[in-house]
Amino acid sequence: MLKTAYCGDLRESDEGLDVVLAGWVHRRRDHGALIFIDLRDSRGIIQVVFDPKQAPQAHAVASEARVEYVLQVEGRVRRRRAGTENASLATGAVEVQATSAQILNSAKTPPFYINEDVDVDETLRLRYRYLDLRRQRMHGNIVLRHLVTRKIRGYLAERGFVEIETPVLANPTPEGSRDYLVPSRINPGNFYALPQSPQQFKQLLMVAGFERYFQIARCYRDEDLRADRQPEFSQLDLEMSFAGQEDILQLIEQLYIEIGRELRPDLNIPVPFARLSYEEAMRRFGSDKPDLRYGLELVDLTNAVRGTPFLVFKSATDSGGTVEGIVVPGGAAFSRKEIDALTETVKTYGARGLVSIAYLADPANAGEEQLRSPVLKFLGADHARALGRVAGARAGDLLLIVAGVGGAPAKDAGSSGRVKPALDALRRALAAKLGLADPNTLQFCWILEFPLFEWSDEDERYYSVTHPFTAPLDADREFAADPGAAHSQSHDLTCNGQEIGGGSIRIYQRSLQAEVFRALSLSDEETRERFSHMLEAFEFGAPPHGGIAMGLDRTLALFAQDDDIRNVIAFPKTKSASDPMTGAPLPVDPAQLDELGLRLKDP
RNA sequence: GGCCCCGUGGUGUAGCGGUCUAACAUGCCACCCUGUCACGGUGGAGAUCGAGGGUUCGAAUCCCUUCGGGGUCGCCA
């Protein structure tokens, strides 16, 4: 090794130690004679002092060195002079007095700052990803990722889980998201698909008798990207035989608690995790992944607005729609401009508009002049007061209301037009505006009992909300009469308004599976074609089983307190699924296409 | 696929019809400086404003197209 110690590891206890260090020049401070270099390696930064009187050769090297040069330094660790300690550095109590030094490599001036945490253009960061990853924040994220996956492996291994790899070249699946396809040279005209998840394989591993399987699996989905979506991403995928839902929940909950305690003890993680049924989450928060760090719960005002002549509300109730709102404590002080901005937010999510009523006094006895609303004359003071009472508004509060007409898309059962999504968006916008969400809290919440099926108006049939192997609740075994009302033994884990994982107890009996396929209006032929290998396997003594898949990237984003999963992935892709560093994806040689039996369509 | 935002010296920003022969900070180069730690000081180099087209007497500034990046809805679990 060209070094005997890591820069970032040196402490007061190392005083007097002779060390050889090697690393990058983080910063250089040249005082004419004395030169200070902050030398950085993978573990951190140490100040090295170059004194021309004591070590002229080392000093000459330090004069020549520039930012990001690779240096080897020999010297002695010593306590810093009194008053010159640097509390902002982990190594700040000591420094290294250089006795000799070598430049191992020079470096061009970097295209962006490595020694400062400033926002840099994304393309530039990705083009020079190896420099971006040198930055301490990014470096820390990637190391944290290692620590988390190491923790996961240890935790699950201790509990008897076996790590098993599944194919990356897998079979295409028509349902779900779009597949990444890989043409087969040996079987011209046929394609593999990169797995959207190892779902089928993990269930087959249960049939294979492993009982407890896990994998940190790469998954691929060819859909439009977002800050929290990459074309390839990682899941902690696991499956257990002879386990009930509670076993899975406890397993994952304990894992996340331990990750938090060991790796981010400074974060606040309320335990036990909250639990909500899908229906309750939708009713109270308008979302199946509510952020529970703050209130701002939805209130149903449908009954309270009955009889109002106000057309917006009347047409909603008359058509079987709903009217719901959110009380904003202290929101009566919002300006017209602020309310307009919130109106724009709900409109983006499909609401027609936003009705606001400000209560300058308690709604129970507010005079007409103490009610402020652009629609007061249509609504009437009595109704305005009644709405405030029902909603629980107090003096100084603002009631924001969205009305949705009925007969709206029956998708996600129980929703009322676009009211829920709009109020969910409103709730998040308000929390952001008012700073209600504590950034140092990870508020986990299980969402249970999702609907088993959802109806598609377009295709006039039911679809599985998760996938067709999801078991119904025991109470909903007889779902055939009304599939839309049945619920599943499913579980999503959410945190701070994000979904970070999900799974279910699976169906393992042939007859129940057949009923599900019937409810999905799939013919025997179709089921055989798509799921024959699964169904056949289940006939050979499939154990009761269930599992979950956790989004590893999102999990890391949470623990790293970063809202972009690109910052916890070493080599991510841009929003257009390309890599500015390698240039991928790229055109290929016609000979390669020919070999695969492919011809490109003219653009 | 829709909508929105961004693209100016190496980096981050300002400028938003003539006074821009483009400003500021930082970085870079040179010189000075023995205790700094985003060291300090003096001086210097460095962009024709993503690309193409148009409007105009005149465009970084307005319009169109296009490329790249980002956000978001749809999509996606």
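Chain naming here is simple, since letters A, B, ... match the order of the sequence lines and numbering starts at 1 in each.
Residue A:Gly83 is the one, among A:Gly83 and A:Gln196, whose nearest nucleotide of RNA chain B lies closer to the 5' end (criterion: closest heavy atom).
Between the side chain of A:Arg78 and the base of B:G35, at least one donor-acceptor pair of N or O atoms lies under 3.5 Å. Residue side chain A:Glu116 does not reach the base of B:U26 through any donor-acceptor N/O pair under 3.5 Å, judged by distance alone. Taking only distance into account, the side chain of A:Arg229 meets the base of B:C75 through a donor-acceptor pair shorter than 3.5 Å.
Atom CG of A:Asp51 and atom P of B:C33 are 15 Å apart (whole Å). Here the C1' atom of nucleotide B:C39 and the CD atom of A:Gln47 are 11 Å apart, to the nearest Å. Rounded to whole angstrom, the span from the CG atom of A:Leu225 across to the C1' atom of B:C75 amounts to 11 Å. The distance between atom CG of A:Leu89 and atom P of B:C39, rounded to the nearest whole Å, is 12 Å. Rounded to whole Å, atom C1' of B:C29 lies 12 Å from atom CZ of A:Arg28. Atom P of nucleotide B:G35 and atom CD1 of A:Ile35 are separated by 13 Å, given to the nearest angstrom. A:Asp30 places its CG atom 12 Å from the P atom of B:C39, with the value rounded to the nearest Å. If you take CG of A:Asp579 and P of B:G69, they are 11 Å apart, rounded to a whole angstrom.
A side-chain donor from one of A:Asn567 and A:Arg125 sits under 3.5 Å from a side-chain acceptor of the other. Side-chain contact of A:Thr166 with A:Gln215: a donor-acceptor pair under 3.5 Å is present, judged by distance alone. No side-chain donor-acceptor contact under 3.5 Å links A:Gln235 and A:Arg554.
Here the closest heavy-atom approach between residue A:Arg127 and residue A:Tyr130 is recorded as O-CE2, 4.3 Å.
Between A:Ser197 and B:A77 there is no side-chain polar atom (N or O) within less than 4.0 angstrom of OP1 or OP2. At least one side-chain nitrogen or oxygen of A:Thr574 sits closer than 4.0 Å to the OP1 or OP2 atom of B:G69. The side chain of A:Arg27 places an N or O atom within less than 4.0 Å of a non-bridging phosphate oxygen (OP1 or OP2) of B:C39. Dashed line: the shortest gap from a side-chain N or O of A:Ser177 to OP1 or OP2 of B:A77 is under 4.0 Å. Between A:Arg226 and B:C75, a side-chain N or O to OP1/OP2 separation shorter than 4.0 Å is absent. Taking only side-chain nitrogens and oxygens, A:Arg66 comes nearer than 4.0 Å to OP1 or OP2 of B:C29. Side-chain nitrogen and oxygen atoms of A:Arg29 include at least one within less than 4.0 Å of the OP1 or OP2 phosphate oxygen of B:C39.
Under the 3.5 Å distance criterion, the side-chain polar atoms of A:Arg66 are matched with a main-chain donor or acceptor of A:Ser63.
Annotation: B:U65 and B:G74 have their P atoms spaced 26 Å apart (nearest Å). Comparing B:G52 with B:G2, their P atoms sit 25 Å apart, to the nearest whole Å. Look at the C1' atom in both B:U72 and B:A14: the space between them is 28 Å, to the nearest Å. Using C1' as the reference atom, B:G41 and B:C33 are 8 Å apart when rounded to the nearest Å. Across the P atoms, B:C49 and B:G44 are found 26 Å apart, a figure rounded to whole Å. For the C1' atom pair drawn from B:C5 and B:G43, the interatomic distance equals 40 Å after rounding to whole Å.
For A:Arg566 and A:Asp564, the salt-bridge test passes: some basic side-chain N is under 4.0 Å from an acidic carboxylate O. Remark: A:Arg137 does not engage A:Asp117 in a salt bridge, criterion side-chain N to carboxylate O under 4.0 Å. Salt bridge status for A:Arg506 with A:Glu239: present, with a side-chain N to carboxylate O gap under 4.0 Å. A salt bridge is absent between A:Arg428 and A:Asp291: the closest approach of a Lys/Arg side-chain nitrogen to an acidic carboxylate oxygen does not fall below 4.0 angstrom. Remark: A:Glu95 does not engage A:Arg79 in a salt bridge, criterion side-chain N to carboxylate O under 4.0 Å.
Near RNA chain B, meaning a heavy atom under 4.0 Å from it, residues 554-572 of chain A has A:Arg566 in order of number. Residues from residues 52-59 of chain A that place a heavy atom under 4.0 Å from any atom of RNA chain B, listed by number: A:Lys53.
Using bins of under 30°, 30° to 60° and over 60° for the plane-to-plane angle, the ring pair A:Phe273/A:Trp446 lands in the tilted bin.
B:A23 is paired with B:U13 under the criterion used here, namely a Watson-Crick or G-U wobble arrangement in which both key atom distances are under 3.5 Å. The base-pairing partner of B:C31, taking Watson-Crick or G-U wobble contacts with both distances under 3.5 Å, is B:G41. Nucleotide B:C3 is matched to B:G71 when pairs are restricted to Watson-Crick or G-U wobble geometry with both distances under 3.5 angstrom.
Between A:Glu68 and the options A:Lys108, A:Arg28, A:Arg40, A:Arg27, a salt bridge (charged side-chain N to carboxylate O under 4.0 Å, His left out) holds for only A:Arg40. Checked options A:Leu423, A:Leu296, A:Leu354; the residue passing with A:Leu400 is A:Leu354 (criterion: side chain to side chain contact (heavy atoms under 4.5 Å, CB included)).
Side-chain contact between A:Arg78 and A:Val96: absent, with no pair of heavy atoms (C-beta onward) separated by less than 4.5 Å. Taking 4.5 Å as the limit, every side-chain heavy atom of A:Asp222 sits out of range of all side-chain heavy atoms of A:Ser177.
Residue A:Ser88 is classed as having no contact, given no heavy-atom separation below 4.0 Å to the nucleic acid. Among the protein residues, A:Glu122 comes within range of the sugar-phosphate backbone only, with heavy atoms under 4.0 Å from sugar or phosphate atoms but none that close to a base. A:Arg221 comes within 4.0 angstrom of the backbone, heavy atoms only, and of no base. As judged by a 4.0 angstrom heavy-atom cut-off over every strand, A:Glu85 is placed among the base-contacting residues. Residue-level contact check: A:Ala227 touches the backbone only, with heavy atoms under 4.0 Å from sugar-phosphate atoms and none from bases.
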Listed pairs, N/O of protein and of nucleotides 10-16 of chain B, under 3.5 Å:
unit_1	atom_1	unit_2	atom_2	d
B:G10	O2'	A:Pro111	O	3.0
B:G10	N2	A:Tyr113	OH	2.9
B:U11	O4'	A:Pro111	O	3.4
B:G12	OP1	A:Asp121	N	2.9

Collect all protein-nucleotide pairs involving nucleotides 41-46 of chain B in which both atoms are nitrogen or oxygen and the distance is under 3.5 Å.
none

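By the 5.5 Å and 30° criteria, A:His31 is not stacked with the base of B:C33.
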Quiz: residues 87-94 of chain A side-chain donor-acceptor pairs under 3.5 angstrom, not counting sequence neighbours:
unit_1	atom_1	unit_2	atom_2	d
A:Ser88	OG	A:Asn86	OD1	2.6
A:Thr91	OG1	A:Ile45	O	2.6

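Note that A:Arg461 lies in the cation-pi zone of A:Tyr463, set by a 6.0 Å cut-off to the ring centre and a 45° limit from the axis.
Relative to the side chain of A:Ser578, the nucleotides B:U72, B:A77, B:G69 differ in distance, and B:G69 lies closest. The side chain of A:Lys575 lies closest to B:G71 when the candidates are B:G71, B:G68, B:G35.
Applying the ring pair (Phe, Tyr, Trp, His ring centres under 6.0 Å) definition to pairs two or more places apart or across chains, none involves residues 44-83 of chain A.
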